[in-house]
Each structure stands twice: as structure tokens, then as C-alpha cells.
Amino acid sequence: MKKVVLVLMVLTILGSVLFAQASAETKNPVLRIITWSGYAPQELLDKFTEQTGYKVEVTLSNNEEMISKLRATRGGGFDLAQPSQDRISSVVEQYAIYQPIDYARINTEQIDASLLEAVKKNTLVDGKSYAVPHVYGTEGLVVNKALAPDVKDFKDLLDPKYAGRVSYRLKRPTLIGMGFSLGYDPFALYSDPVAYQKFLDEMEKILIAGKPSVKTYWDNGDQLLQSLRSEEVWAASAWEQAGWKLHAENPNIDYIAPTSGALGWVDTFAIPAKSENLDAAYAYINFMLEPENAAFFTNRETYGTASKDAVNYLDPEIKANFTRGLPPEVLANINWYPTVPAGIEEMEGKTLDKIKAAR
Amino acid sequence: MIRSLPSSKRYRGGFTLFIVLYFIFLFAPLVVTMVLAFNDSMYPSLPWQGFTLDWFFGNGPEKYGIFHDQTNLRSLYTSFKVALAVMIVSTFLGTCAAFLFEQENFRFKNALYFLMIAPLVIPGVILGISILMFSNTIGLFIENHMNVYASFLGPGFPLVVLGQSSFISTIVALVVSARLKKFDHTLEEAAYNLGANKAEVLWFITLKYLRPSIIGGAAMAFLMSFENFNTTIFLVGSQATLPINMYMQVRDGSTPVINAISFLLILGTSIFAVINLSKGNKKIL
Amino acid sequence: MMKNRRHIKWGFLFFFLPVVLWLFLLIVLPHLELLRLSFTKANTGKFTLDNYLAFFNEPIYWLTFVRTAGYSIIVTFIVMVISLPVSFYISKIVKERISGALMILILVPFWVSELIRVYGWMILLRESGILNHFFVSIGLFKEPVEMLYNDITMIMGLVYTSMLFMVVPVIGVMDDLDNSLIEAAYDLGASKTAIWRTIIIPHCASGLVNGGIIVFMLVLGSYLTPNLMGGKNSLWFTEQIYNQIILYFNWNQGAAFGFLLLALSSLIIWVLLKLTKQNLKEVVK
Amino acid sequence: MDKALSVQNITKRFGDFTAVNQVSFDVEDGKFFSILGPSGCGKTTLLRMIAGFYKPDSGTILFNGKNMDGVAPNKRPVNLVFQNLALFPMMNVHENIAFGLRRRGEKGPGVDKKVRELLERVGLPESGKKQISQLSGGQKQRIAIARCLIMEPTVLLLDEPLGALDAKLREHMKVELKNLQSQVGTTFVYITHDQSEAMVMSDMVAVMNNGHFEQIGTPQELYHKPKSSFVAQFVGNNNKLRVKLHADSSGNTIARYADQYDFKLAQKLETANENEEYDLFIRPEAVIINPGDGRENFHILPVDVTSILFDGGNSRLLVQPLGTEEELVVALPQTREYDYIRSKDRIQIGWDMNKTVCFKRSDWKLYDEE
């Protein structure tokens, strides 16, 4: 009998302590970040904690989930987010989930000025900007040159020659990349829903027709890397990071910028509307953009950084990646994502569903 | 046919073979997952690159073993916290429900009983989204009318606990009811007759009798919460539970640290299972 | 029992209030909110039928829906067919000591998160996976074959993940089956098939229906397995709900889908119960 | 002398059904009192009212003169041995017995001592550590009684506690229970449907039927002087002859059996209607086989022997009176005197008219119960 009482008491105490802790944690000097996998390497977090005393809690996510989560919390629950720059202004207008950035608190001279200006311009809502650039990259092709030498552009992924050896994501970048490579300008059609729908219908037909070449529509990085590494897949649309990672293991595999232009994205720092730890958030932004730290990140993840002087700290083979994969003529040809107007994603979603379900 | 009846050798052999295959089917993926936790490779797949314990104890820079992987450790801790809280909440609710439906009579009892078993036939995804939307609506209302930000109504720890408890409580209730049904009420009367008051009867007789089923129900609640994905995915906030966190990792490219976690989980639950079952609770469900 | 009137009230309320709060706050109201949202227009909040019309006007949605339901029924049926002999073996054929051990073995894998199990299967089945290695090395296959990403694999995965919830209830009823019934039938000259058809399966009906409902619900509402193992053609309805809510931010459409799934699952279970002349209240016992 | 238990005009209804109807009785201190009746007669309801689990609709219950109205079951000086014993399976023997004392707030070595004493008294020392499931039926019985006796109740109620035991053990326990009662001197109120249990153990027996008491008396009184048809049939074995009454010229009451046999009765009964049906009762052991002629006040009946039931000291003949389809039971003394009787023989039986009792027919059947 006494045992039961004891156990129950322990449980109650434990329970209440845990609950108390759960609620207390929000007041702790903790910075809650929602970001992409790999964007917050453990070494940098440790260093940040050491320098500032703030502990960091990382939640892995992607653009869509970031928006959904923040929408459901009405901009709370996290202190810092890292959405892509094209996914900010429309959700700010719709759900008001971010707060404007106080650029006075940002150490702007360590940021690439043109990138900063572009991001400021793209995230402008009611005269205020909502983001600071952090990482940029491109989506192009990762090709096993020995097995699929002829893949040069997104449209080559539809080639029946490579039946069952091709993989791409069933997400909007695929629609847009294919669009560019087939001679459309999807971004120009954004403003005209009717025309955009027409474009999507075209893409639907083309991608359904191209289904036999697809091994699987990858939707996680693991899946993509494994199938390319094992040579189950010969060509895929993916980020340069995947290509470069694999290139280090197998020189046959590399990232190729499509002839119609790679798709360029910029991931940013944005502060949720109900961030509870602004000081830490700003400190973290400045910390991550310090050249040394930014270079550490790039060396690890191989993505480009918005930190101006990081290039001085890059490993030679990482630098080589950039000169090989993203030379100036490729950079000039990049199709940068403009802001996504509301409603477009739903149209795209329907098209993607139809493609997936089609036989 | 059965133990006591004769049957041909072929029949018996065939049957045994079927069962052996079944168990291979059951355990193959687990064994593979566990073995690959010791693969000295950066990827959780073949080929075998040699044996290593790095995915348990490695401390960077290349390989972060599970014991140094802050994100995974934190999500493990979160899962424990959630499971413990769900266990407490749903054991309490489930036991209350068992008493209510087995021992009391009231109007609309049948309707309420039906509501109680409804979560069994509601897909977890729908429980998740409906609770998310409901709490969001309330949260918006509070925010707009009272100008207070009710953070506990957004995705996060409290919502995960409530969401999981909403259906786990039903399961606990069924487990406890099953035993309460067999309870001989003259035991209560005997205790009254010997001078016990209502509280003493509840504590010394009824609850004591129910103890195995309450413990069993609590254990089930803990495990079900620990591995829940479908409901949690919609309700989780900044603190991801282990299954959610693992899903995110698999999605974005993982290392055999996933296998190491799986190894520990399989080991842990197996030990737990054996202890629980060897105590004679044959029926877990 | 002679009860003091006030005592009855207190005891009753102690059980009644938590249960009612649970059922209303976590089940009834959220689903009413879900229903309300499914009938309102995104952003404007006006009444609309569009969310439901979108479902019926768009073949892709209801095709996914039909597909999901169809596969769920197939999976449930396969699970039933496999579970019967397995439970029979455990409950009636092996010695009792072994049967306890087998029971533990059966339960262990299911206490490991669904994600880990699916992950294990992926390691086994992929083109560069272990089974392919094995088959190629023994010369069965000339070159590796992709076994993942098709409907059959997905069905197998779903069978795997939901197996337990059939085996346990069926073993439960099988244990209650008096051996002497089988002996009597055997003694009266019944063949094995006749014994199965006339004695064992009818006796197990309640367990089968019970397990069937749980398996069906789990499969219908599962997200991970179809998502990770399914092929390039396979879209599961829960995925649609997830996509609507998480990816396209269209909560109202998602709510309508959620409600349709709920209606569908209720309908199928209702039909199943009618067909087997069972009653939900009895079945969940 | 004090009345340990006094029940006055107690009534309990469940909806339209009256389970206990205006029952009154007193039990003297230290007596073994039994309530005997078929199942469904209301005896369990009565017992539960005494224990306090039911609240009577009317009437009062007094223990040692103290009114129990409104006193909760856990506050009454009475303990109940349940039909299924209701031993707590989650406690061992010692804890079971000590349960009541602990609820009363007793602590320390005193409790252990009392438990040990009581275990010894019921003949089960050393079994304190045993689990309930390790006990045999008879041992459980004794533990259940010990658990109540330790409370030193004014009255100990027993609800058919021997019901679950097998026949041999039941015989044994009857004696043991009676001895135990006289040893401890506690007042026992025992309910049962088994007349033999009631007769063997009790000082006083109340026969209950349809919610009321038919008769209260010592076992001997009930057996020899039943006051109703019900008691005559329920207590002990009895042959029942369906008769019609009329008065003869000298005013004697004559019972006519099977339209051909006339039996003069010792009782005088009102015979308003010649067709009114009566039952004449005669105990099997009062029947004499082949009595011969010339006895005074004696009834003679020719019968065919249908079968001989040999059962040692309890052997009987089944006989069929000539011209009827009925069957009577006759005790067959094993004195070897009647060894010549064979099945299908025609013999005569007879009995002293003072050994019969006659009651108006009541539509009550003994054997559709149980």
C-alpha cells in the first residue's frame, strides 16, 4: 500500500515538475529556431552558446511547414525562422506571422550588399522589410555523367532513354524548372492566374507523359542521395549541395546548372511576430553571418552564404565547387524565385496531385 | 489440429514453416535496422563498411553519436516528457471513464459511451487537425477579444499531450473497464461491512483490484504516446518528439544515428515488454 | 448498497466531470469546428459548399479517396487471413510455455515506432538493399530489382505495421475457444477445413471484427507507410489532408477532406458491423 | 435477557414487487438463528437490510435495543459472511482478517496478536502468510468467518456460506459451524435454502416464503408441528396426498383420497365446500409397511411397489397407491425385516392418523425452485 502511495506521489511530483519546466522553459534564455536541416551545425551552436549564453533549440522544417506552424501559433512558439525570401511577404500579408526587421540591430556591413538589398526589396510589406539573407543556392541537375551523359537541362529528365533512372521532386520547383527549360517563363505568368493555370495544365500533360522515366519522386534528401550514390538513379533535379557531396565520393556524379538556367533561392532570417527572445534572435543572426562562422557553415554544407568575407575562410575544394559548378556565366543565368502570390501554391498543388495520382 | 489431436507430419511441418516465415517477416526489418547502427558509414544503408560504435559514442566532427547528438537527445527527452504526461492524463481520464461507465447510471450514458469509443474509429490525422483548428480558433478569439496571447493554445507541448490523450484515454478506459467488469462488488460490500468508509473501499479494495489493469493501461499509454506520429505531427511546436524529429531527419538526409536510436528504442521496448509480459499480463491490448 | 445521497453525487461528479470535459473539449467541439471550417470559405469566413464540391468535381481527389478505401479493405483482409493461422498456432498448437514466449515475440516489434519499422523495410527492399544483394549473390536475380515504391510493397508495409492489432484480439478469442469443441468436431468426423469453417472462424468472428476495425482505421489513417514506401503513383488520402493543411495552407479544404475521411471510415465500419451482425459496443470489449 | 437483534414490521419493495413483507422477529443473545426459505423468498433482502446495504421501506431494526435507522453499513455492530465469502484476493489471510481492525484504527502488535488468536480458534494457525487462492474451500470459509468474528460483532450474519462447498464438506462444516458458534457465543443469523443446514445448526429457525415468515420455532417444532402446507413440505421430506374433505355423520372430518379411500382425520377442519382441495401430509418414516389389521385410528392403503431405492440407512420404497398415478415415498428400515419385498409386489402400507397433518391446498411448488 505504501508503495502505491509512494509511486503515485513520485509520479505526481515528476509530472508537475515537468509541466512546470515546460512552461518555465519559455522564460529561460533559450532561442528557439525553426530552420532547415544542416543550417545550424552543432559546432556553431556550441560556440554561440559559449559566446552569448543563449541556448539554442532547433526544430527542423521546410518552407511550407514553417508557415503552417507559425500560422497555427499565430507567429509564436519560435524566436527565429529561416524561410526562403520568396515565401515571406505573402504570408506576412495574410497571417502576419513575422515582424519587421530592425536593421539597426543587424551588423549589415558583413552582409553582401546586393543580396541584402534584393531580399529587403522582395520582403517589403507596407514600407517595412522582414528578412535578412543567410544562405543562397540553386536547384539544377545532379547527373551521373558516366551513365546519363546527355542530361543538360530539366527537360532531359523526361527523356525515355533514361526510363526508370530519373528522379525529381513533385514540388513546385520542378514545375518551374521544367517550365523554363521548355521555353515558358513561369515567373512572368504569376500575375495572371488564368495564364498560369494554362501553363500548369501544359506541365501536367508533359510530366504525366514523362512518368515512365521516373524511378520515384524523391521527397527526402536521404532518398535522393542514396539512390544516386547506389546508381539506382542516374539523373535528378536537386540542389548543388547534393551534387557536390556526391562528387566528393564519385567524380562521375556532379552538379550541372541547366542550360535554361538554374533556379536560385535565398534562405533568410525572419523573426516570428511573437518571438520571445529578440535579443538572442538578433545576436544569432549577427553571429551566423560572421565570416568565419558563415565559412564554417559553407565548408560543411557547401551552400553559398550571404556573408561578404566568408570566402576568405573557405576550404579550397569547396571553393573549387563554386568555380566548377557556379561560374559567373551560370550565376548570371540564374532564375531567382520572385515572391509567390497567394493562391498560386494551391493551383500548383492540385496539378502536382494530379501528376502523382496519374497512371 | 490442436495439441491433443493427431495430425500428419506434413501438416505440422507446413504449419511450423509458416510460423517461422512469419516471425522472420516480423523481425527482418528490425534486425537490419539494428545491425546497420554499427556500420562505419555515413549513410544508413549498405554496403557494410566495417564495425563502429561511433553512432553511439562519436563526438564529431564527422560523426555525432546519439549520446552527443543534441537535437536527437532533446527530442528523446521531449518524447519522454510527453509520454509521461500523456500517461498521467490518460490513465486518470481512462480510469474515471471506466468507473463512470461500469458503475454509474445516468441519462445519455449510451450516447456518452459511444462518444468515448469514437476516438478508436477516428483516424489520428483527423484528431490532430481538428484539435489544432479548434485550439487555433479559441486562441484567435482570445487574442482578438481579450488581447492576450494564449501560447498554450498554439502547437506545442500542452497541445501534443492533449491531442494524444484524447484517444489514448479511450484505450486505457477499455483496459480498465475489462477488469472492472469482472470485479465482484460483494468485495466492496464486505469492506463496508468491516467498517471501511467509501474512500477506504475505493483505495484498498477497488483500486487495488484494478491495479494490474491500471498499470497495464498506463504502460500502453506511455508506449503509444512515445511512438505516435499521425496526431503529433500537426500539434508539435518547437519541441519535436522523437518520431517527428526522426521523420524530419530521414526526409532531409540522415546518418546511421537513426539506426542507433532505433537500436536503443528496440532494446528498451523489448526489455520493457519482457518485464511487463513476464509479470503475467499476457493481454496487452 | 445504502448510499448517502450526497455521497453519490460527489462520487459521480468526480468521475463524470473529467470524462465529459475530455469528450467535449477534445472530441466533440474540435470535430464541430472541423465541420464548421469545412463549410466556410478560406479567408472570408462565409458559408460555402466549395470545399466539398472541389472534392467531387476533381476526379483526382475522389480517386485517391476510393483508392485509399479499397487498399485499406484489402490490407484488412490480408491481415485477417494471415492472423488466423498465426493466432491458432500460438493459442492452440504450441505448448503453453512456448506460446507465452511467442506472444512476447509478436508484441515486441510493434512497440517500436512505425517510422523505424518502415525504415527497416526500406533498407531491406531497395534496389541496393539487402534482399537484392542476397538474391543476386545466390543467383536468383541477374541484376537488382527495385522492390520499393510500388503498391504491392506498400500493401505489405501496411500489413506489417497493422498486424499486431489483429493478432492480439484474435488470440484473445481463440484462447476462449474450448478445445473440446474442436475435439468433438474431429470425433464426429469433420475435416480440417470443416472444422475451420464451422467451428473456429465463427467462434473468432468477434475478435476478427474487433481487429478488423482497428486495422482498417489504422491503415486508412496511416501517413508514414504509404508516404515512404508507396510508389510514384500512390497518393494516400491522409497525404492529401496533410498537403492541404501544411503545404497549401488551405485549412478549410483540409477540414472538408478530414470530414469526408471520417464519414467514409464510419460508413465502412458501420457496413462491416451490419454485415457481420456485430455491435460496436460488444466488439470493443 | 437482551435481544441481540430485534426486527419489527420490516418491509422492502422493489417497484411493484414486495420482497420482504411485514417481517418481525427477535433473536436472543448467543443464539443460532436461521432463516430458511427457497431462493427468491426474500431472505437475502432481509439479511441485507439487517447489514445495512438496503434501506427498509418501513419497520425498524434494533441491535441490543439500539435503533439502526440511518446507520451506514460500516457503522453497524454487525458483520456479514457473504455467500461467495468475498475474501479480498489482493490481500493475504492475515491482511484479510486484520482489515476490519485497521479500518477501526487499531495498529501495532495488538492487531497481530488478535489475528493469530482468531486463526487458532478457527483451526488455521500458521496460515496468515498464505494467499487466498492457496486456501481450500473449507479454509476459505473459516477465514471469512474469522474476518468477521475479529470485529466482535453483536450479530454475525451468514448468507448461505456453505453453498459453494461439496456435499461431504458441507456436512462436516455444519457441525463445525455449530461448534464454533457455541464456543464463541456470538449471535449468528444464518440464512439458507437447505433445510438440513438450518435444522442441524440452529436453535431457532424461521421459515420464510414469499416475503413473509410462515413459522418460527425450534427445528423439532417445525418438523413435527408445521403450521402451514409450505412448512410441511419445505421442512424435511413429506408425502402429499391430494384429498377432498367432508364430514361424516358423527361430525368427524373425513379426507377422501383418489375418490376411493377415506381417511378419518384427528384434526377438525371446516368443510364449507365438499370439492375444496386439501393436502394430507405424511412423513415417509411414519409409514408402516404391511401393518396388519386391527390397529386403532389407523389408515391403510394398498399400493404397488414401483421401485426400491437402496441407500443404506436412508433406503426407501417408491409405491403407487392402487387406482392412482401418484407416487409415495416410504422409509424402508434396514432391519432385514422387509427383504422379501420386490419391485412390482402389491403390499399394504399404513400410518397412525395422529401423524398426519392436513392443509388447504396452496398452489406452491417445491421443485421448480433452485
Side-chain angles (χ1 to χ4, degrees), chain B residues 1-5 15 18-19 22-23 26-30 32-33 36 45-46 93 96-97 99-100 104 115-126 129-131 133-134 137 162 166 169 174 189 198 223 227 229-230 243 246-247 250 262 265-266 269-270 273-274 277 282-285, chain C residues 1 7 12 15-16 18-19 22-23 26-27 29-31 33-34 37 85-86 89 92-93 103-105 107-109 111-117 119-121 123-124 128 130 133 168-169 172 179 182-183 186 192 195 217 220-221 223-224 238 241 245 251 254-255 258 261-262 265-266 269 284:
Chain B
M1 213 47 220
I2 55 177
R3 280 185 285 270
S4 54
L5 295 182
F15 218 132
F18 173 79
I19 298 298
Y22 175 78
F23 276 98
L26 219 52
F27 280 91
L30 298 190
V32 165
T33 311
L36 286 183
S45 66
L46 288 181
L93 287 178
C96 280
F99 273 102
L100 186 67
E104 307 282 350
L115 267 183
M116 188 200 70
I117 52 176
L120 284 186
V121 291
I122 301 176
V125 173
I126 294 176
I129 60 171
S130 62
I131 291 173
M133 289 173 177
F134 179 59
T137 307
L162 288 178
S166 71
S169 301
L174 292 178
E189 293 185 346
K198 207 163 164 106
L223 283 173
E227 69 142 39
F229 180 87
N230 287 358
M246 283 175 68
Y247 176 71
V250 173
S262 309
L265 283 185
I266 294 172
T269 47
S270 306
V274 171
L277 289 167
K282 189 174 169 194
K283 255 189 138 176
I284 294 297
L285 205 75
Chain C
M1 227 178 291
H7 270 137
F12 177 72
F15 299 135
F16 186 74
V19 173
W22 154 37
L23 293 178
L26 296 181
I27 308 291
L29 292 178
H31 284 88
E33 173 67 10
L34 191 72
L37 280 178
V86 171
Y89 187 85
K92 297 285 175 204
I93 295 189
M103 194 73 195
I104 297 180
L105 277 184
L107 293 179
V108 165
W111 281 355
V112 178
S113 138
E114 181 186 357
L115 182 71
I116 296 175
R117 287 179 267 150
Y119 201 66
W121 274 117
I123 296 176
L124 269 174
S128 57
I130 285 166
H133 263 265
V168 168
N179 280 349
I182 298 176
E183 286 164 347
Y186 183 84
K192 283 192 187 88
I195 292 177
M217 291 316 305
L220 195 71
Y223 176 76
L224 284 176
T238 43
I241 298 176
I245 292 175
W251 284 17
L261 185 64
L262 189 59
S265 56
S266 317
I269 283 178
V284 295

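Numbers restart at 1 for each chain; the letters A, B, ... are given by sequence-line order, proteins then strands.
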Check your understanding: Roughly how far apart are B:I122 CD1 and C:L220 CG, rounded to 0.5 Å?
Key ->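 One gets 12.5 Å once the value is rounded to the nearest 0.5 Å.
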Exercise for review: Please report the shortest heavy-atom distance between C:M217 and B:L120, naming the atom on each side.
Suggested key: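 Minimum heavy-atom contact is CG-O, 3.6 Å.
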Practice item. Please report the shortest heavy-atom distance between C:E114 and B:E227, naming the atom on each side. Key: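 Between these two residues, the closest heavy atoms are N-OE1, 3.9 Å.
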Practice item. Please step through side-chain contact (heavy atoms from CB on, under 4.5 Å) for the pair B:F18 and C:V86, ending with a clear verdict. Key: CA-CA 8 Å; B:F18 173 79; C:V86 171; 3.6 Å; yes
Check your understanding: So which of C:G120, C:P30, C:P18 has the largest heavy-atom pair count under 4.5 angstrom toward chain B?
Key ->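 Heavy-atom pair counts peak at C:P30.
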Check your understanding: Based on non-hydrogen pairs under 4.5 Å, which of C:I241, C:T238, C:L262 is most in contact with chain B?
Key ->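 Heavy-atom pair counts peak at C:L262.
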Segment of [X] engaging chain B (4.5 angstrom heavy-atom cut-off):
| X | result |
| --- | --- |
| C:I116 | both |
| C:I27 | side chain |
| C:S266 | neither |

So do [Y] and [X] actually touch side chain to side chain, heavy atoms under 4.5 Å?
| X | Y | answer |
| --- | --- | --- |
| B:F229 | C:L115 | no |
| C:W22 | B:S169 | yes |
| C:F15 | B:E104 | yes |
| B:I129 | C:W251 | no |
| C:I123 | B:L36 | yes |

Exercise for review: Using a cut-off of under 4.5 Å on heavy-atom pairs, state which of B:P123, B:A28, B:P119 scores highest against chain C.
Suggested key: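 Top count of heavy-atom pairs under 4.5 Å with chain C: B:P123.
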Practice item. Could you point out which residue of C:L37, C:L29, C:L34 forms a side-chain contact (heavy atoms from CB on, under 4.5 Å) with B:S130? Key: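 Exactly one option meets the side-chain contact (heavy atoms from CB on, under 4.5 Å) with B:S130, and it is C:L34.
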Exercise for review: Step by step, work out the side-chain contact (heavy atoms from CB on, under 4.5 Å) result for B:I126 and C:H31.
Suggested key: CA-CA 9 Å; B:I126 294 176; C:H31 284 88; 3.8 Å; yes
Practice item. Name the region of B:I131, side chain, backbone, both or neither, that has any atom closer than 4.5 Å to a heavy atom of chain C. Key: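 Both the backbone and the side chain of B:I131 come within 4.5 Å of chain C.
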Check your understanding: Do B:L26 and C:L105 pass the side-chain contact (heavy atoms from CB on, under 4.5 Å) test, and can you show the C-alpha distance, the side-chain angles, and the key distance before you say yes or no?
Key -> CA-CA 9 Å; B:L26 219 52; C:L105 277 184; over 6 Å; no
